[in-house]
Number of protein chains: 2
Amino acid sequence: MNIGEVSKRSGLPAKTIRYYEDIGFVTPARGENGYRSFSETDLHKLAFLGRARGLGFSIEDCRTLLALYEDQGRASADVKRVAERNLMEIDAKIADLQAMRATLSHLVESCAGDARPDCPILEDLGRS
Amino acid sequence: MNIGEVSKRSGLPAKTIRYYEDIGFVTPARGENGYRSFSETDLHKLAFLGRARGLGFSIEDCRTLLALYEDQGRASADVKRVAERNLMEIDAKIADLQAMRATLSHLVESCAGDARPDCPILEDLGRS
DNA sequence: ATAAAGGTTCCAGTAAGTGGAAGGTCAAGG
DNA sequence: CCTTGACCTTCCACTTACTGGAACCTTTAT
């Protein structure tokens with residue numbers, strides 16, 4: 001399978017797949033012409049990675065998850081630990097963004113948004 | 001004022017202040033010894049930047065906001081537009097993260113997290 | 001024969017800093 | 001006078017997870 005088909009079937013851009021080869025996630029064989037030749041297993045791994053990344057796992061998390069995925073004897077506790085840490089990080093990000101959102105939407109609401117120069121948003125940012 | 005004091009009073013790391021000089025936000029004078037010498041205005045600008053960044057405005061947004069801040073004749077509508085766009089981006093990020101959170105917390109809850117190898121998290125990530 | 005589509009490598013850039021090395025300067029203590 | 005430690009300087013590399021583009025090669029279709 002050439003990279004184009006893998007890209008279509010995994011949903012990852014070809015550039016990303018080449019990058020994932022660079023960082024050691026897959027090691028496709030090479031044809032005589034130098035083209036990468038992917039196996040079904042490679043495709044499966046790449047799709048796995050795409051889904052894990054979509055859930056906010058970092059590349060390093062993915063490395064761990066992939067190793068666990070391929071280890072038939074792993075304990076589910078190990079996977080759960082990684083997932084829970086990711087969940088906590090996501091919660092922290094959401095909380096940060098919600099705090100930002102609250103302040104900012106308050107400012108936006110209090111700004112007339114017309115042609116006059118006085119603006120509570122700038123006043124707030126500039127308060128000494 | 002040396003960079004250390006500005007750092008303390010603005011809350012920004014000295015490294016960040018030097019970076020902000022690099023990208024043209026401030027242009028402090030230099031003493032005979034080569035040390036940066038900041039004015040009160042510089043300090044005020046840097047504190048403004050720190051607050052704007054804390055609200056999630058990008059560096060480019062900050063450039064716009066700073067220009068508007070220094071333009072006494074600006075229309076508040078111009079500021080509001082930047083703020084509203086930022087708000088919408090924040091909302092989109094929150095929505096993304098909440099979708100991730102929902103899926104992931106569901107998976108975490110369905111995983112026993114014990115020594116056994118079967119793990120719904122990996123099963124889901126590996127579904128073909 | 002040629003053109004389009006797909007493949008290759010490599011270099012550079014993104015956002016917004018952070019870390020660290022090598023070295024100059026300043027104020028205080030002995 | 002010397003040294004120590006805090007503070008300052010520049011410069012280079014690294015971070016995350018890719019993405020864009022140039023220059024070039026191969027395959028397929030017309």
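Reckoned from all heavy atoms, side chains included, excluding hydrogens, waters and symmetry mates. Chain letters run A, B, ... following the sequence lines, proteins first and then strands; every chain starts at 1.
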Taking all non-hydrogen atoms of both residues into account, name the closest pair between [X] and [Y] and its distance.
X        : Y         : result
Ile59(A) : Phe25(A)  : O-CZ, 3.7 Å
Lys93(B) : Leu97(A)  : CB-CD1, 3.7 Å
Gly73(B) : Pro117(A) : C-CB, 4.2 Å

Under 4.0 Å from OP1 or OP2 of [N]: is there any side-chain N or O of [X] that close?
X        : N       : value
Thr16(B) : dA16(C) : no
Arg36(A) : dT26(D) : no
Tyr20(A) : dC18(D) : yes
Asn33(A) : dT27(D) : yes
Arg18(A) : dG6(C)  : no

Rounded to the nearest angstrom, tell me the gap between atom [atom1] in [X] and atom [atom2] in [N].
X        : N       : atom1 : atom2 : result
Ile3(B)  : dT25(C) : CD1   : P     : 17 Å
Asp22(B) : dA15(C) : CG    : P     : 15 Å
Arg63(A) : dT16(D) : CZ    : C1'   : 13 Å
Arg53(B) : dA16(C) : CZ    : C1'   : 6 Å
Tyr19(A) : dA17(D) : OH    : C1'   : 5 Å
Ile17(A) : dT8(C)  : CD1   : C1'   : 15 Å
Lys15(A) : dA12(C) : NZ    : C1'   : 10 Å
Glu5(B)  : dC7(D)  : CD    : P     : 12 Å

Check: Tyr35(B) side chain, dG24(C) base, donor-acceptor under 3.5 Å: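 Indeed, a donor on one side and an acceptor on the other fall under 3.5 Å apart.
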
Touch class at under 4.0 angstrom, heavy-atom based, for Phe57(A) against every strand present: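 Phe57(A): no heavy atom of the nucleic acid under 4.0 Å.
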
Note: Arg127(B)-Glu123(B) ion pair, threshold 4.0 Å (strictly below):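 Here Arg127(B) does not pair with Glu123(B) in a salt bridge, since their nearest N and O are not under 4.0 Å apart.
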
Arg51(A) side chain to Leu125(B) backbone, donor-acceptor under 3.5 Å: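 Side chain of Arg51(A) to backbone of Leu125(B): a pair is present.
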
First encountered from the 5' end of DNA chain C, between Glu32(B) and Ser58(B):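 It is Ser58(B), whose closest nucleotide lies nearer the 5' terminus.
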
